[in-house]
K.L.:
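Take this structure first; my questions come after.
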Amino acid sequence: MMHTPFTQKLQIRHPIVQAPMAGGPTTPDLIAAVSNAGGLGNLGAGYLTPQQIGQAIREVKERTDHPFGVNLFVPEPFIESAEEIHQVTNHLNAYRVQLGITQNPNISNYAESFEEQVQAVLDGKVPVCSFTFGIPESRIIKALKQRGTLVIGTATTVEEAIRLEAAGVDAIVAQGSEAGGHRGAFLNQPIEPLVGTMALVPQMVDAVSLPVIAAGGIMDGRGLAASLALGASAVQMGTAFLACTESGAHPAYKQKVLVAHEDETVITHVYSGKAARGIITDFVKDMDQYSGAIPPYPIQNALTRDIRQAAAKANNPEYMSLWAGQGVRQATDRSAAEIVQHTVEQAIAVLNRMPLNS
Ligand SMILES: Cc1cc2nc3c(=O)[nH]c(=O)nc-3n(C[C@H](O)[C@H](O)[C@H](O)COP(=O)(O)O)c2cc1C
């Protein structure tokens, strides 16, 4: 057991948050396994319909009595350009030919309704709700808190953390640039700020009075011990759980995660229109030539969906999005409970072995 302000708030045994991972990895089995092992399991619900969110919450509750969370994407305004969509659709058609799927697909809906997703979370009465890509309106934060739900925001800079604290969240994920998946940045800066976890966490801890959860590149007990030393109240680990037994990631994706090295990931926006870190694929390399002409999120995400899905069906990871962080070399195929247990035991051993001049 390791007590921190975050574990005490939630009454959980270990300061380990399994990152919400939208797109399939965070199955009810994974979430429940982490929560039952004393961590905090999280559902990545950003792409789910309200019905799917309700169903997943019920399935998690059937498997655990411990706290768990649900994560949503705060929608951002975006500009739709018919010309840009037409151009990128032409480029994407080349992949559709290779995969044998329909060209020029008609995209009717870019994203699920955020309001309805929030309602599904309110109805599901979950212990924790986290957000990324922005700050939800204060009426949403209030409504969640009124139901006893702990609200967590995601920040990639100190300024974003200060804004989240002012908006009334209960804890903040400090997402460093090592992190796998989409960047949670929401204060649009001309150049994407890519602050690493080691630099970000202590600066955020100094600037806000809420528990800070370190995320990005944390793969084991050494990362947990280091994060606690930096002032974090917990760690959020995504890549570490991607290839575990209970993860719902596609088998070809898991295989890539298990063999990839630390220098084989890149931050790209060619899959979704939003910066995200993943394993370098042929799609990333080819589409890079059009990087100045990619529509913003969620348009590009919707435009590439059929390609990613057909690639998954064909077991072709080169056209799938393989989100993963820089710690990827350390990913294992152990069970989620073993990962939690090993992380805690190793952190305690590391902290006990610290050289002290006494
Ligand atoms: C496959 C994958 C999907 C992700 N999806 C989400 C998501 O839906 N919501 C979210 O807040 N963060 C998401 N993230 C980011 C994680 O919350 C976290 O910041 C990151 O995993 C930490 O870095 P690590 O992967 O090095 O552990 C995702 C990360 C990965 C690897």
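Atoms within each ligand, like the ligands themselves, are counted from 1 in listed order. Both backbone and side-chain heavy atoms feed into the values below; hydrogens, waters and symmetry mates do not.
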K.L.:
In terms of residue, atom name and distance, what is the protein heavy atom nearest to atom 20 (C) of ligand 1?
P.N.:
Gly180 O, 3.6 Å

K.L.:
Hey, does Ala215 come in under 3.5 Å of ligand 1, counting only N/O atoms on both sides?
P.N.:
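Looking only at distances, the answer is no, because the N/O contact criterion of under 3.5 Å is not met.
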
K.L.:
Say whether Gln236, considering both its backbone and side-chain N or O atoms, lies within less than 3.5 Å of an N or O atom on ligand 1.
P.N.:
yes

K.L.:
Relative to the heavy atoms of Gly216, which atoms of ligand 1 are at a distance of less than 4.0 Å?
P.N.:
22 (C), 23 (O), 26 (O)

K.L.:
Just say parallel, tilted or perpendicular for the rings of Tyr110 and Phe78, cut-offs at 30° and 60°.
P.N.:
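Answer is perpendicular, since the angle exceeds 60°.
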
K.L.:
Pairs of nitrogen or oxygen atoms closer than 3.5 Å, one from Gly238 and one from ligand 1: do any exist?
P.N.:
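Looking only at distances, the answer is yes, because the N/O contact criterion of under 3.5 Å is met.
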
K.L.:
Got a sec, which pairs hit salt bridge (Lys or Arg N to Asp or Glu O under 4.0 Å) with one end in residues 49-72, sequence neighbours left out?
P.N.:
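The answer is Asp29-Arg63.
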
K.L.:
Using distance alone, determine whether His182 and ligand 1 share an N or O pair under 3.5 Å.
P.N.:
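No - when backbone and side-chain N and O of His182 are compared with those of ligand 1, no distance drops under 3.5 Å.
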
K.L.:
Just to confirm my output: which protein heavy-atom neighbour is closest to atom 16 (C) of ligand 1, and how far is it?
P.N.:
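Atom 16 (C) of ligand 1 sits closest to the protein heavy atom Ala19 CB, 3.6 Å.
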
K.L.:
For residues Pro105 and Thr102, report the shortest heavy-atom separation together with the two atoms involved.
P.N.:
CD-O, 4.1 Å

K.L.:
Testing the 3.5 Å rule here: is there a donor-acceptor pair between the side chains of Tyr253 and Ser247?
P.N.:
no

K.L.:
Give the numbers and elements of all ligand 1 atoms closer than 4.0 Å to a heavy atom of Met237.
P.N.:
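Numbered from 1, ligand 1 contributes 27 (O).
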
K.L.:
Select one of side chain, backbone, both or neither to describe which atoms of Phe73 lie under 4.0 Å from any atom of ligand 1, heavy atoms only.
P.N.:
side chain

K.L.:
Can you list the atoms of ligand 1 that are under 4.0 Å from a heavy atom of Gly217?
P.N.:
23 (O), 24 (P), 26 (O)

K.L.:
Atoms of ligand 1 less than 4.0 Å from Trp323 heavy atoms?
P.N.:
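Per the distance check, 1 (C), 2 (C), 31 (C).
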
K.L.:
Using a heavy-atom cut-off of under 4.0 Å, does the side chain or the backbone of Tyr253 touch ligand 1, or both, or neither?
P.N.:
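The answer is the side chain.
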
K.L.:
Roughly how far, to the nearest 0.5 Å, is CD of Gln236 from CG of Asn71?
P.N.:
7.5 Å

K.L.:
Specify the protein heavy atom at minimum distance from atom 2 (C) of ligand 1: its residue, its atom name, and the distance to 0.1 Å.
P.N.:
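It is Met21 CG, 3.6 Å.
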
K.L.:
Can a side-chain donor-acceptor contact be found between His182 and Thr132 if the only test is distance below 3.5 angstrom?
P.N.:
no

K.L.:
For Gln175, which part has a heavy atom under 4.0 Å from ligand 1: side chain, backbone, both, or neither?
P.N.:
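The side chain, only.
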
K.L.:
Of all the heavy-atom pairs spanning Leu30 and Cys244, show the shortest one and how long it is.
P.N.:
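Nearest heavy atoms, Leu30 then Cys244: CD1-SG, 3.7 Å.
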
K.L.:
Sequence neighbours left out, cut at 3.5 Å: what donor-acceptor pairs do the side chains of residues 225-233 make with other protein atoms?
P.N.:
unit_1, atom_1, unit_2, atom_2, d
Ser227, OG, Gly223, O, 2.7

K.L.:
What residue and atom, counting heavy atoms only, is the protein's closest point to atom 9 (N) of ligand 1, and at what distance?
P.N.:
Asn71 OD1, 2.8 Å

K.L.:
Which residue supplies the protein heavy atom nearest to atom 8 (O) of ligand 1, what is that atom called, and how far is it?
P.N.:
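Result for atom 8 (O) of ligand 1: Ala22 N, 3.1 Å.
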
K.L.:
Identify whether the distance between the nearest side-chain nitrogen and carboxylate oxygen of Glu192 and Lys274 falls below 4.0 Å.
P.N.:
no

K.L.:
Only heavy atoms of Gly181, strictly under 4.0 Å: list the atoms of ligand 1 that pass.
P.N.:
28 (C), 29 (C), 30 (C), 31 (C)

K.L.:
Could you list which atoms of ligand 1 come closer than 4.0 Å to a heavy atom of Ala179?
P.N.:
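Taking each heavy atom of Ala179 in turn, ligand 1 has 19 (O), 20 (C), 22 (C), 23 (O), 26 (O) under 4.0 Å.
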
K.L.:
Taking all heavy atoms of Trp323 and all of Leu242, pick out the closest pair and write down the distance.
P.N.:
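Heavy atoms of Trp323 and Leu242 come nearest at O-CD1, 3.2 Å.
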
K.L.:
Among protein heavy atoms, which sits nearest to atom 24 (P) of ligand 1, and what does the distance come to when rounded to 0.1 Å?
P.N.:
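Going by distance alone, atom 24 (P) of ligand 1 is nearest to Thr239 OG1, 3.5 Å.
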
K.L.:
Salt-bridged, Glu115 to Arg139, with N to O below 4.0 Å?
P.N.:
yes

K.L.:
How far is atom 6 (C) of ligand 1 from its nearest protein heavy atom, and which residue and atom name does that atom have?
P.N.:
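For atom 6 (C) of ligand 1, the nearest protein heavy atom comes out as Pro20 O, 2.9 Å.
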
K.L.:
Using 4.0 Å as the upper bound for N to carboxylate O, is an ion pair formed by Asp306 and Arg96?
P.N.:
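Looking at Asp306 together with Arg96, the answer is yes, because their closest N to O distance falls below 4.0 Å.
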
